[in-house]
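From a predicted model like this one, the values you see are computed outputs, not experimental measurements.
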Amino acid sequence: MQISLVWKQYDVLVVGSGGAGSNAAETASEMGASVLVVAKDPLSASDTKISEGIATVRASGSEDDTEDTLSENLQLAGGDLPDANITSAFARDSQTAYDKVRANGLRPKISAITKNPDPLPLPMGGHTKRRSIGHKNSGVAFGHANWNSIVKDAKIDYKEDCWLVDIITENNKDHSKSIIGALIYDAQRGELLAVVCASIVVASGGLSTIYFPKTDTMRGNTGDSYAIAARAGAELVDMEQIQFLPFCLTSPPAFEGLLGGEPVTASYLGVLRDKNKKVILDGVYLRTRAECSAAIMKAVEDGRGTKNGGAYLDMTANKRAPKSGVYFMNFLKGSLPSAYNNVRQAMSKSEAQCEDLWEVRPSAHYMMGGIRVDENCSSIGGSKGLKNDGILGLFAAGQAMGGLFGANRLGSTSLTEGAVFGQRAGKNAANHARNISGMNPLNKKLFMEKAKKINSLIGQKGHLHASRIKLSVQRKCWENLGPIRDEARLNKTKLFISKTRKKLKNVKISNSTKWNQGLIEYLELENMIDTAELMAIAALERKGSLGGHVRADCRNISLFSKPYSTIVRFVNNGVNVTRLPRKQTEFKKLIKFKFEEQKKFLGAKILRLMPMILKDRVLEKRYKKIMNIQKASITVQPGSVEAAFGDRKIL
Amino acid sequence: MTKKETRARKYLNVTIVTHLEGKDMPVNFKYKKRHDREKPMALDVLLQAQETKLPELAFRYGCRARNCGVCTIDINGLPRIACRSVVRENDKLKAMSTLPVITDLVVRRDQISRQLRGKIYRNSGGNDLNVDASEDYHELTSCIECYACLHNCPMHEKNSIDPSESNERYEYGNPFSLLKLQTIVMDPVSSNSQKSDAITQAVNLGLDTCLNCPGCKCGIGIDLKGKVVNPLISALKKIADE
Ligand SMILES: Cc1cc2nc3c(=O)[nH]c(=O)nc-3n(C[C@H](O)[C@H](O)[C@H](O)COP(=O)(O)OP(=O)(O)OC[C@H]3O[C@@H](n4cnc5c(N)ncnc54)[C@H](O)[C@@H]3O)c2cc1C
Ligand code: SF4
Ligand code: SF4
Ligand code: FES
């Protein structure tokens, strides 16, 4: 059996119908471009839809929240790795981009006083201003708005159940590359789509599925964005920087990987213990996520891990305190309602009441690196002084892009990232397509060659199954490319990947053309392998711990050392890695930052050593204060710095 | 304990109905419990089946947490959200009966959304966005688009779901599409013309079928009869009276 090749022509192809994809499609269509949206999931089903639904909007809390304030905030949080042009663009557009989503039906609570959307009562951690807006029904509310933005516009064509397989480029006379289209597997109809187009917006999300089931994200995050762009010749930036959430559930299987708590919800007296109940980390609420994750994984490595390869989060002391214990439980339940809901369903009653220990383990949440682009979402490449060798016509937005967050992502910024850069990508993709005359007809053969390759897989004989190899890749990535790394493990990852690649030719694939799950698994497996290789090489290049990248064999990278980003790209038969110097924040600001953080740690230490009666009184006051200000609804966003006070420390 | 009882504690017998090119093929699958007391969800069973006996088994899932709405299947003939539905001995897992099956448990879904294509939020823009939406609006937008409500809907049953027919969009509506339209009616930002547009669309999708129908059931508990169908019918009656 052969999958038939169907030709299509558009100005702009948008890959993904999450936040970034739908914003790109709507904007490109408004600019007059003909647009096709494809996604492997049903329309708008995405990380965006399953998120907590908290979005950053500049100056929503106070007028002194200038563009510089927000942009600088992202810079500092990201360890000076973010691209200043990109953080500025984020700060500049956040309001208008958010309003565009609102025009599609997103309805935040409006303040009676300001007559504008009301942000959460306290600045989210790491944010220097109140500017995070929560929404009823969380991400599902964004899901509806994104759905509306595509369905309302009859000019936008969309196809779900379509897997982008590869991007196709042609070489220009000056050796640069231009987009001429893409090959897509339409599983629903059993066709291969050859989409001829001048612009492609890659908005196909992240890679956390390479750690499944240790992740809280959507199944489809198999690194497709990065692998496909890199195979087309694009550069990727900061690929070692992945955000793990430390306190996720380990069992039962249906809840494995989902969020249970954050450092901040461990509250003032929460500690981590190994299987022998020995304390392995105290003052958890002030620690970074990476520190918590590393402590857990270190215990596991030394054979002191719990049954399911994690550690115990002990919050019993919070609960036991006679007066403040009650406040603690309210704080815990109110701060992260969806996470606490997971705990309530997955754990025993005494555990859910914090009278017993929680078994926890880190989960992959968000890739901070991604396709290297400029503030217009255009692929860029090369180092300063040299010619830009990005791919003309390739755009990336949302989690697929890099350069906005660097080493750490502030809470509530990704939904805004999708809107801001989705819209920018859509606009620039439409503009680019306008100036391009059609493809050289001779290049049709490039599509046909790719299609032939896919068709040669249909009915492939073999004794292996891609779905099973995927599981082994996921296990190995967790062990050797996960929340804790060292040189030996990263080298093991490289070796494992090259071995796994050789297995691909022995993978059995059935000969059906419609929704061939074996083929789908195979294509995703290939992307996972390519992505893991690119990550491993970036991680080897950064010989020190920074943000989401924890090296057990090296020291922390100091805040005061010269910042750089890692750049990886595929070259003939391998991966090339380089360093891209980044601009450092002024020393004065860095020192001020350090000082304030030290003050906090001292305070926490004094509190810990106090006798219970005194401690209980202090805690009661504190809880009252935060809960009063917030009128019982304290929401902490998973992944935010607020949810891990300590994440400020590594800045 | 007898040998049989020990086995029963370790395994769970289920039937997974696979599907290829128009033919159903039931497969018996023994789910191996990870511990005696485990009560697996349907999605756990499907994932284990794919890991062991049926490596190319096709099924949809995404978030594993009842948020994305894509994993709906029929369990013993009733639509269930697979990631949050406990499976019992001898349960039968099958593709949803209300939509055309593509392969195994995967159904085609997009003829539903396409029936509203180009028909909602026409001429939007320019309205004041800073108005509060009602609780009812937020109840409607909690819909995760799982399509469990298609079950037993006489309006949806008027469509042909024969997969051999190329049907890009369904002519007749369903509770989900009505919910989307009523959301526009409830939206404080919608203009009057957008609202009446939405009601007209509901009529075009076959709202009259609802008049003789006991009502629909939502997979996550949205009051579809009270908050979607009845308000649309009264809006229609009001227009008819005027
Ligand atoms: C549980 C959870 C809670 C979160 N909470 C928040 C929050 O409160 N605030 C916040 O700002 N951020 C939050 N985040 C992060 C945020 O949700 C995501 O980073 C963001 O939504 C990503 O948007 P995106 O458009 O880039 O990708 P997604 O929304 O993930 O969309 C990806 C799209 O690409 C498609 N796709 C993937 N691969 C292919 C392919 N090969 N071919 C075709 N299509 C493909 C998918 O089907 C999908 O349509 C949360 C994340 C999670 C998991
Ligand atoms: S209305 Fe209820 S049953 Fe229907 S799609 Fe929405 S959530 Fe599912
Ligand atoms: S009330 Fe209308 S939408 Fe609901 S089940 Fe009956 S016919 Fe379908
Ligand atoms: S997997 Fe998302 S709702 Fe079941």
Heavy-atom donor-acceptor pair, [X] side chain to [Y] backbone, under 3.5 Å:
X        : Y        : answer
A:Arg107 : B:Pro188 : no
A:Lys49  : B:Cys68  : yes
B:Arg64  : A:Glu256 : yes
A:Ser467 : B:Pro55  : yes

Do the side chains of [Y] and [X] get nearer than 4.5 Å, heavy atoms only?
X        : Y        : result
A:Asp157 : B:Arg117 : yes
A:Val151 : B:Ile120 : yes
A:His144 : B:Cys143 : yes
A:Asn137 : B:His138 : yes
A:Gln517 : B:Leu57  : no

| Over all atoms of both residues, closest heavy-atom pair of A:Gly105 and B:Tyr137 | O-OH, 2.6 Å
Non-hydrogen atoms of chain B under 4.5 Å away: do they reach the side chain of [X], the backbone, both or neither?
X        : value
A:Pro252 : neither
A:Ala466 : neither
A:Glu521 : side chain
A:Leu471 : side chain
A:Tyr522 : neither
A:Lys508 : both

Against chain A, label [X] side chain, backbone, both or neither, depending on which of its atoms sit under 4.5 Å from a heavy atom there.
X        : result
B:Asp132 : both
B:Glu135 : side chain
B:Lys180 : side chain
B:Leu43  : neither
B:Gln48  : neither
B:Asp110 : both
B:Arg122 : neither
B:Thr52  : backbone
B:Leu20  : side chain

| With A:Asp161, which of B:Arg108, B:Arg109, B:Arg60 fulfils salt bridge (charged side-chain N to carboxylate O under 4.0 Å, His left out)? |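 Testing A:Asp161 for a salt bridge (charged side-chain N to carboxylate O under 4.0 Å, His left out) against B:Arg108, B:Arg109, B:Arg60 leaves exactly one candidate, B:Arg60.
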How long is the gap from [atom1] on [X] to [atom2] on [Y], to the nearest 0.5 Å?
X        : Y        : atom1 : atom2 : result
B:Gln50  : A:His465 : CD    : NE2   : 11.0 Å
B:Glu38  : A:Ser251 : CD    : OG    : 9.0 Å
A:Trp515 : B:Ile102 : CH2   : CD1   : 6.0 Å

| request: Indicate yes or no: does A:Arg468 engage B:Glu56 in a salt bridge with an N to O separation below 4.0 Å. | output: no
| Sidechain N-carboxylate O distance under 4.0 Å for A:Lys115, B:Asp128 | no
| side chain to side chain contact (heavy atoms under 4.5 Å, CB included) evaluation trace for A:Phe142 with B:Thr141 | CA-CA 9 Å; A:Phe142 282 79; B:Thr141 48; over 6 Å; no
| task | Could you check whether the rings of B:Phe176 and A:Trp147 sit parallel, tilted or perpendicular, using 30° and 60° as the cut-offs? | result |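 Rings of B:Phe176 and A:Trp147: perpendicular, over 60°.
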| Leading residue by heavy atom contact count with chain A [cutoff under 4.5 Å; candidates B:Asn130, B:Asn67, B:Asp104] | B:Asn130
| said: I'd like to know which of B:Lys119, B:Arg34, B:Arg114 tops the heavy-atom pair count under 4.5 Å against chain A. | reply: B:Arg114
| For B:Asn192, does the CG atom have more than 12 heavy-atom neighbours from other residues, nucleotides or ligands under 6.0 Å away? |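 Check fails, neighbour count at 12 or below.
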| request: For each of A:Asn148, A:Leu258, A:Asn116, A:Leu43, tally heavy-atom pairs with chain B at distances under 4.5 Å, and name the one with the top tally. | output: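 Heavy-atom pairs under 4.5 Å are most numerous for A:Asn148.
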| field | Pick from A:Thr217, A:Asn516, A:Ile156 with the largest number of heavy-atom pairs that fall under 4.5 Å of chain B | value | A:Ile156
| Run the side chain to side chain contact (heavy atoms under 4.5 Å, CB included) check on B:Leu129 and A:Asp99 step by step: do they pass? | CA-CA 8 Å; B:Leu129 293 169; A:Asp99 282 351; 4.0 Å; yes
| message | Under 3.5 Å, is there a donor on one side chain and an acceptor on the other for A:Ser149 and B:Tyr121? | response |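 No - no donor-acceptor pair under 3.5 Å links their side chains.
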| Are A:Arg219 and B:Phe59 in a cation-pi setup, meaning NZ or CZ lies under 6.0 angstrom from the ring centre and within 45 degrees of the ring axis? |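 Checked: cation-pi criterion not met.
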